[in-house]
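In this chain, numbering begins with 1 at the start of the sequence shown. In this text, all values refer to a predicted model and were calculated from it rather than measured experimentally. Each ligand, and each atom within it, is numbered from 1 in the order the structure gives.
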Amino acid sequence: MSVIRRLKRRVNGFEISTKITLGYALCFVVLLIVINFAMWLGVMTALYSPAEKTIRYSMEQIKKILDELEENYGTYNPNDFRGALVVGVVLRAVDERGEVFIDTDAKYPSIERFNKGILTDPPIFADSEFAVARIGSALVYRAQMDYTHDGETVTLYFFRTITSELTLFDNLEKFLLALDFFGILLAIGVGYVLSRRILTPIKTMNELAREIAFEKMSGRIPIGTANDELNELAKTLNKMLDRLQGGINKQQKFVSDASHELRTPAAVIKGYIDFIETYGTADEELLKENLKVIGSEAQNMQALLENLLFLSRTDQHRQKLNKKTLDLDDIVGDIMSKMKTVVQTHAVELTTNAPAKVFGDETTLRQMLRIFLDNAVKYTPAGGLISVASTLAGNKVLLSISDSGIGIAPENQTKIFDRFYRIDSEDLVSEANGSGLGLSIAKWIADSHEIKISVASELGKGTTFTLEIPTAHES
Ligand code: ATP
Ligand code: MG
């Protein structure tokens, strides 16, 4: 048991190619042994069986003649014996004194010679009642039978040659053994070379995987021409690397953009503090103004950090949504009435607010609406109009947020949803500062509520964002 376990542990430590080769060679050896054994068994049975049968038949015939002789003694004719024997079977009768008095083939090897050649452990095919002797290059079978007449017992010997071509069989056996040996060597050699060849791509993959690091993701596994599983695996791994690299690049860009965005408010705050430190706090008016700027920058920074944290939660699938059936008209009405009181610079109107139930997370839905409304105010010069309408269309609510602002050029209408994307424009309203995260957050919220966003905009005329919000199924 422990030998097997030790062997198993040993084999487990081998390379796959060695394991395949060993397994393959083992199967081959077993197959060779089975084939050789079957061949040997077949040949031997074919040799022994007819010899045995003819001897037995001849013995029966002779016995019959002897029984007849018992009755009509004196009509004995040695030729009767010869005729009763099957061709190839030789009969010899020996009297009590050891003298041969019947011999159907005088040229056949003598009994003494046979006795000298008797095999002490005859082959398993041989009948145990028979004796087998090796005489020169021949194998000979012998059966014996005692016959008593008038108080005298004679012994009858029956001989039959099993094969006279023993050397041929010996040679054949040696030849087969040599063939087996070379066959096994060949199997091991070919198996080893083939398995090495097959497994080379795995080695390459392993080496490459060892080299790939966070900073060095450019390496890819070479794809061969074969259309096999290993190439398929290499392709899959390469695709996985592409995805990982894409993700890492995005992450790195996000970190660098975020740091860049945070630098501005931090620098402004530092500048104003330096100013206060240099010029003192004597001028109260100036101090108040400076503190106001610092406060507003700190607020910007806080808003930016909130946005960054939100996006990082969405990236990690950690942003929680507490979805319920909501009255959308209540939410829209509430946001709009607050907006009317806060926004003094623009005209704000809610033209229609159809009663509608939606299924969603109230906090993020409000956040999404505020993002669109903030933008509408931010990118519309003072005096402009911001108009909101919510209408029902089938099983959807169409919520449109329109402004009479600077508009968005067609080529930018898809890009505005990208993180940190802001349009560089000279018409930009002076205080329109931001980091370009608002719409990417709004897009995430919309996607997680199956809300479709469409943009219609014309430069200099205004923009309308339309949200198609599925209504909640009444249950
Ligand atoms: P943030 O919202 O993070 O403070 P932001 O407003 O610049 O910054 P987004 O809300 O994502 O970022 O908007 C991206 C860009 O799309 C804006 O910079 C602006 O150029 C353009 N944009 C968005 N809404 C409008 C609009 N209503 N009219 C004109 N341009 C708009
Ligand atoms: Mg915005």
Trainee: His346 side chain to Pro381 main-chain N or O, any donor-acceptor pair under 3.5 Å?
Mentor: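 Yes, His346 side chain to Pro381 backbone: donor-acceptor pair under 3.5 Å.
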
Trainee: For Tyr141 and Asp127, does a side-chain donor sit closer than 3.5 Å to a side-chain acceptor?
Mentor: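 No, because no side-chain N or O of Tyr141 sits under 3.5 Å from a partner of the opposite role on Asp127.
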
Trainee: Which of the atoms of ligand 1 are close to Ser435, meaning less than 4.0 Å from one of its heavy atoms?
Mentor: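 Once the distances to Ser435 are compared, the set is 1 (P), 3 (O), 4 (O), 8 (O).
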
Trainee: Checking side-chain contact (heavy atoms from CB on, under 4.5 Å) for the pair Lys320/Asp361: CA distance, chi angles, key distance, verdict?
Mentor: CA-CA 9 Å; Lys320 289 204 175 70; Asp361 171 59; over 6 Å; no

Trainee: Using a heavy-atom cut-off of under 4.0 Å, does the side chain or the backbone of Asp374 touch ligand 1, or both, or neither?
Mentor: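 No part of Asp374 is near ligand 1 at this cut-off.
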
Trainee: Taking Leu385's backbone N and O only, do any of them form a donor-acceptor pair with Ser404's side chain (distance below 3.5 Å, no angle check)?
Mentor: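 Flag set: sc Ser404 to bb Leu385 pair under 3.5 Å.
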
Trainee: State the atoms of ligand 1, each with its element, that fall below the 4.0 Å cut-off from a heavy-atom position in Ile416.
Mentor: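 With Ile416 as reference, the close atoms of ligand 1 come out as 11 (O), 14 (C), 15 (C), 16 (O), 21 (C).
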
Trainee: Please check if the side chain of Asn412 supplies one atom and the backbone of Lys415 the other of a donor-acceptor pair under 3.5 Å.
Mentor: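 The answer is no, because no donor-acceptor pair under 3.5 Å joins these two groups.
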
Trainee: Report yes or no: does Ser457 contribute a side-chain atom to a donor-acceptor pair with the main-chain N or O of Gly462 at less than 3.5 Å?
Mentor: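 Yes; at least one donor-acceptor contact below 3.5 Å.
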
Trainee: Do Tyr24 and Tyr192 pass the ring pair (Phe, Tyr, Trp, His ring centres under 6.0 Å) test, and can you show the C-alpha distance, the side-chain angles, and the key distance before you say yes or no?
Mentor: CA-CA 9 Å; Tyr24 178 63; Tyr192 190 70; over 10 Å; no

Trainee: Quick check: Phe465 and ligand 1, any N/O pair under 3.5 Å apart?
Mentor: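 No - when backbone and side-chain N and O of Phe465 are compared with those of ligand 1, no distance drops under 3.5 Å.
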
Trainee: Quick one: which ligand 1 atoms are inside 4.0 Å of a heavy atom on Lys378?
Mentor: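 In order of number, 1 (P), 2 (O), 4 (O), 5 (P), 6 (O), 8 (O).
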
Trainee: Gly436 heavy atoms, cut-off 4.0 Å: which ligand 1 atoms fall inside?
Mentor: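 The list of qualifying atoms is 1 (P), 3 (O), 5 (P), 7 (O), 8 (O), 11 (O), 12 (O).
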
Trainee: Check whether any side-chain N or O of Ser387 sits under 3.5 Å from a backbone N or O of Asp403 as a donor-acceptor pair, and report yes or no.
Mentor: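 Pair absent, no side-chain N/O of Ser387 close to backbone of Asp403.
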
Trainee: Below 4.0 Å from any atom of ligand 1, is there a heavy atom belonging to Gly405?
Mentor: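 It does not, in that no heavy atom of Gly405 comes within the 4.0 Å cut-off of ligand 1.
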
Trainee: In ligand 1, which numbered atoms sit nearer than 4.0 Å to a non-hydrogen atom of Ile423?
Mentor: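 What qualifies from ligand 1 is 18 (O), 20 (O), 21 (C).
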
Trainee: Can you list the atoms of ligand 1 that are under 4.0 Å from a heavy atom of Gly407?
Mentor: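 Those of ligand 1 that fall under 4.0 Å from Gly407 are 29 (C).
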
Trainee: Could you check whether the rings of Trp444 and Phe310 sit parallel, tilted or perpendicular, using 30° and 60° as the cut-offs?
Mentor: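 Correct class here is perpendicular.
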
Trainee: Among Gln413, Arg370, Arg422, which residue places a heavy atom closest to atom 7 (O) of ligand 1?
Mentor: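 Comparing heavy atoms across Gln413, Arg370, Arg422, the nearest one to atom 7 (O) of ligand 1 lies in Arg422.
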
Trainee: List every atom of ligand 1 that sits less than 4.0 Å from any heavy atom of Leu439, numbering the atoms from 1 in the order shown and giving each element.
Mentor: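 This gives 9 (P), 10 (O), 11 (O), 13 (O), 23 (C) as the contact atoms.
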
Trainee: Could you tell me whether Ile408 and ligand 1 have an N or O pair separated by under 3.5 Å?
Mentor: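 The answer is no, given that Ile408 and ligand 1 share no N or O pair closer than 3.5 Å.
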
Trainee: Run down the list Tyr379, Phe372, Tyr421 and name the one with the heavy atom closest to atom 5 (P) of ligand 1.
Mentor: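 Closest candidate by heavy-atom distance is Tyr379.
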
